Amino acid sequence: MPDVGRSHVVTGGGRGIGRAIAERLLADGDAVVVLDRDEAAAGWAAAHPAGRRVIPLAGDAADEAVCLRAACLAEDAGRLAGWVNNAAVFRDAWLDAIPAAETTALITANLALAVTGCAVAVRRFLATGPGGAIVNVSSHQAQRPVRGALPYATAKAAIEGLTRALAVDYGSRGIRVNAVALGTIATGRYGAFLAGREAAAVSAEDQVRALHPLGRAGRPGEAADAVRYLLSDEASFVNGAILAVDGGRSALGLDPEQAS
């Protein structure tokens with residue numbers, strides 16, 4: 001493959017926000033390794049106009065060997081400049097209903113995706129120079145969990161701590177690490193959630209609008225634009241930041257006395 005200049009790895013890149021991020025980076029002329037557990041999810045890559053600049057890879061992003069393979073593929077395409085830890089596991093749990101070890105395993109399932117990706121990216125950046133950028137995809141739930149989402153919210157809070165710690169540890173070596181904390185984004189998963197609620201879907205959408213001061217859910221492309229910025233040279237002095245991309249959801253304090 002000819003050198004295209006810059007390359008990136010996007011985990012969970014087969015669909016939803018991950019796909020939007022990958023396509024945004026491809027639009028800049030960069031190469032992107034799209035890593036996803038579901039081989040079929042990355043099927044869009046075969047017909048993409050970016051051609052050989054989009055490189056699908058099936059595998060578990062929590063597996064270090066898989067991430068090393070992703071890094072090698074990216075380096076074959078160009079200078080590895082960015083790594084996006086977007087892959088996530090969604091499963092609700094209640095601490096009184098399952099063993100503590102199972103809860104811990106659910107937390108680890110999400111956290112391991114980010115730790116493994118960061119570890120591989122940091123090592124490759126140090127080995128090849130001159131540094132690079134990592135973006136971890138977090139959630140508003142890291143600060144304000146919703147009921148039942150303990151494993152996900154706890155893992156995302158840990159990922160934000162990981163982001164800050166890595167920024168401190170490796171900033172002096174040219175590696176920037178930041179995170180985006182997303183609000184509700186209108187992905188296929190969100191659409192499936194509404195479809196599953198059937199008659200209550202309109203009420204659910206009303207609740208989402210009320211939770212976001214902009215009055216709507218976000219679009220995948222809006223999340224992708226924020227990630228692209230943090231990876232870019234335009235963000236060269238941004239390090240250890242947790243960027244809220246949530247339409248103001250994290251800033252909102254719902255007022256029970258507010259007139260309807």
Side-chain angles (χ1 to χ4, degrees), residues 9-13 16-18 21 35-37 59-68 70-71 82-126 132-171 173 175-185 187 189 223 226-227 230-231 238-246 249-251:
V9 174
V10 178
T11 72
I17 294 165
I21 293 168
L35 173 56
D36 203 290
R37 291 188 67 166
D60 183 354
D63 185 331
E64 191 166 354
V66 172
C67 285
L68 283 169
W83 192 290
V84 181
N85 290 308
N86 168 72
V89 177
F90 301 96
R91 180 181 162 188
D92 289 354
W94 297 85
L95 200 58
D96 66 315
I98 63 174
E102 187 173 341
T103 302
T104 301
L106 289 172
I107 294 168
T108 302
N110 259 310
L111 182 57
L113 291 163
V115 171
T116 303
C118 286
V120 171
V122 164
R123 292 169 191 162
R124 298 314 303 164
F125 290 152
L126 292 176
I134 297 170
V135 176
N136 294 319
V137 176
S138 184
S139 166
H140 64 93
Q141 290 202 54
Q143 300 299 320
R144 294 185 176 182
V146 300
R147 297 181 73 242
L150 184 153
Y152 181 78
T154 303
K156 289 302 186 182
I159 287 169
E160 292 189 4
L162 172 71
T163 298
R164 296 185 182 98
L166 289 173
V168 171
D169 285 349
Y170 294 102
R173 304 183 72 177
I175 299 173
R176 296 184 301 104
V177 187
N178 296 290
V180 289
L182 305 181
T184 300
I185 306 295
T187 61
R189 182 172 175 272
V227 171
L230 290 173
L231 291 173
V238 181
N239 190 35
I242 312 299
L243 177 61
V245 185
D246 63 1
R249 180 168 182 167
S250 59

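It should be emphasised that the depicted structure is a prediction, and the values quoted were computed from it without experimental measurement.
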*Please name the pair of heavy atoms, one in A87 and one in A61, separated by the smallest distance, quoted to 0.1 Å.*
CB-CB, 4.4 Å
*What pairs with D92 under side chain to side chain contact (heavy atoms under 4.5 Å, CB included), at least two apart in sequence or on another chain?*
A149
*So which heavy atom on P145 is nearest to which on A153, and how close?*
CB-CB, 3.7 Å
_Using every non-hydrogen atom in the two residues, find where G13 and D36 come nearest and quote the distance to one decimal._
N-OD2, 3.6 Å
*Test side-chain hydrogen bond (donor to acceptor under 3.5 Å, both in side chains) applied to R37 - qualifying residues, sequence neighbours left out*: none
*side-chain hydrogen bond (donor to acceptor under 3.5 Å, both in side chains) against S139, all qualifying residues, sequence neighbours excluded*: none
*Please examine the side chains of N178 and L243, heavy atoms only from C-beta on, and report whether any two atoms are closer than 4.5 Å.*
no
_Test side chain to side chain contact (heavy atoms under 4.5 Å, CB included) applied to A244 - qualifying residues, sequence neighbours left out_ = D246, S250
*If you measure from NZ on K156 to CG on L162, what distance do you get to the nearest 0.5 Å?*
11.0 Å
*asked:* Rounded to the nearest 0.5 Å, what separates atom NE2 in H140 from atom OG1 in T184?
replied: 4.5 Å
*Taking all atoms of both residues into account, what is the closest heavy-atom pair of G18 and V10, and its distance?*
O-CG1, 3.6 Å
*Heavy-atom donor-acceptor pair, T11 side chain to N86 backbone, under 3.5 Å*: yes
Acceptor/donor pairs from residues 93-121 side chains to any protein atom, 3.5 angstrom cut, sequence neighbours excluded:
from	atom 1	to	atom 2	distance (Å)
E102	OE2	R91	NH2	2.7
T104	OG1	A100	O	3.1
T108	OG1	T104	O	2.9
N110	OD1	V89	N	2.8
N110	ND2	V89	O	2.6
T116	OG1	A62	O	3.3
T116	OG1	A112	O	2.8

*With sequence neighbours left out, write down each residue that passes salt bridge (Lys or Arg N to Asp or Glu O under 4.0 Å) with R173, or none if nothing qualifies.*
none
*Would you mind listing every salt bridge (charged side-chain N to carboxylate O under 4.0 Å, His left out) that reaches into residues 108-120, with sequence neighbours excluded?*
none
*For R249, what residues pass the salt bridge (Lys or Arg N to Asp or Glu O under 4.0 Å) criterion, not counting sequence neighbours?*
none
_Quick one: does any side-chain atom of R164 pair with a main-chain N or O of I242 as donor and acceptor, under 3.5 Å?_
no
*Residues that N85 engages under side-chain hydrogen bond (donor to acceptor under 3.5 Å, both in side chains), provided they are two or more places apart*: W83, N136
_Quick one, I175 with L126, criterion side-chain contact (heavy atoms from CB on, under 4.5 Å). Give me CA distance, side-chain angles, the key distance, then yes/no._
CA-CA 8 Å; I175 299 173; L126 292 176; 3.9 Å; yes
*asked:* Which residues pass the side-chain hydrogen bond (donor to acceptor under 3.5 Å, both in side chains) test with E160, not counting sequence neighbours?
replied: S138, Q143
_So, using ring pair (Phe, Tyr, Trp, His ring centres under 6.0 Å) as the criterion, who are the partners of Y152 when residues are at least two apart?_
F90
*May I have all residue pairs that pass salt bridge (charged side-chain N to carboxylate O under 4.0 Å, His left out) and include part of residues 107-120, sequence neighbours excluded?*
none
*Give, for atom CD of Q141 and atom OG1 of T154, the distance between the pair rounded to the nearest 0.5 Å.*
10.0 Å
_Ignoring hydrogens, what is the shortest heavy-atom contact between I17 and A223? Give both atom names and the distance._
CG2-CB, 4.2 Å
